[in-house]
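The sequence lines fix the lettering, A, B, ..., with proteins before strands; numbering per chain opens at 1. Computed from a predicted model, the values in this text were never measured in an experiment.
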Amino acid sequence: MDYAPSPDSHARAATAAPPVPVKIIVAGGFGVGKTTTVGAISEIAPLTTEAEMTMESVGVDDPGGTGKTTTTIAMDFGCVTIDHTLKLYLFGTPGQSRFAFMWDDLIRGALGALVVVDTSRIDDCYPAVDYFERAGLPFAVGVNTFNGQLGYNLDEVRWALAVRDDVPIVPFDARFRGSVRDALLVVLDQALHKAVRMRQS
Amino acid sequence: MSTDPEIPGVRPFLRGPAPASPPETGPDAAAVLRPFVITSGRTAAADPSIGLETQVSTMPGVSPDRLSPERRAIVQLCREPLSVAEISARLRLHFGVARILVGDLRATGHLDVHVMDDEFPDPDTILRVISGLRALS
């Protein structure tokens, strides 16, 4: 830090060092509860920003062309102030089953991702799982239970998603802060494992 | 004079090739470009190290006068540090536009942009996030 503003000076408040931002991505198909998840834990009402995304169409006939297009998507986000030097941001991004987003911009520096799954439309989250696996980003799958009901048991979900055994699959309720917090803690546990591995190597 | 009996002479243009179709610009071309009018048409000048969560604060003592309305709004908004995502959401600017304007305002000395390295966060930072979240009730 180049300077240390005096803490009692309001006039110099703007020069106070801002918090270090860290972020977790909340990904999933349309209507699975991403915004609810972000809103349950955020200290501000979720905000929306529009951003460009490169998409690669998958699973559809693509006669000619590279299959990559740029589109504008709406992203919901919120934040949790850990302390005055550290702030956690949560970015909720869509992931329709027909498209694989190129989230390279978004995941740069991210701690990890929570992939939100609705068991009645499980294939909606395939692109997100694929992408985070390939990118080596720590992630966990959160099965949104909607009213405490879980349509399938977690082994069936794991089988349907075909994720590695070390990817945690946790049931949670996107409406409740404690439940979202616990799901995020599972993601952070994965992130910690990665960070420790990186330090050792 | 042509005396081809098959072709009536009244509407000879019917024999000609079909009129050229208007140039293909694609339905989304205008929609994509329009937000970038604010950035004088630049869409690619953004600094890739400026991310959604990058913190931005106004330099002390700078005057937002003589700036364009969007730039002035950013300078006024960032008297308290704010992320680029929040700037984009609060001013209803496309994130790509907000990122370019923030880069411009850094170049002109109006903003301090706190770019972090791209490295994966260290274990100590993650542990602090974990204990911070655990403390939430």
Which pair of heavy atoms, one from [X] and one from [Y], lies closest together, and at what distance?
X: L105(B); Y: R71(B); result: CD1-O, 3.8 Å
X: Y126(A); Y: A160(A); result: OH-O, 3.2 Å
X: L106(A); Y: M75(A); result: CD1-SD, 4.0 Å
X: A191(A); Y: F120(B); result: O-CE2, 3.5 Å
X: A110(A); Y: L137(A); result: O-CD1, 3.6 Å

Side chain, backbone, both or neither: which part of [X] has an atom under 4.5 Å from a heavy atom of chain B?
X: T85(A); answer: both
X: D182(A); answer: neither
X: V80(A); answer: side chain
X: P46(A); answer: neither
X: L88(A); answer: side chain
X: R199(A); answer: side chain

task = Return the option, out of S83(B), A135(B), G132(B), with the maximum number of heavy-atom pairs under 4.5 Å with chain A.
result =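 Heavy-atom pair counts peak at S83(B).
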Notebook entry, point to check: chain A heavy atoms under 4.5 Å from S131(B): which part of the residue, side chain, backbone, both or neither?
Noted result: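 The answer is neither part of S131(B).
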_Residue R92(B) excluded, over 12 heavy atoms near CZ under 6.0 Å_ =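 Incorrect, the count does not exceed 12.
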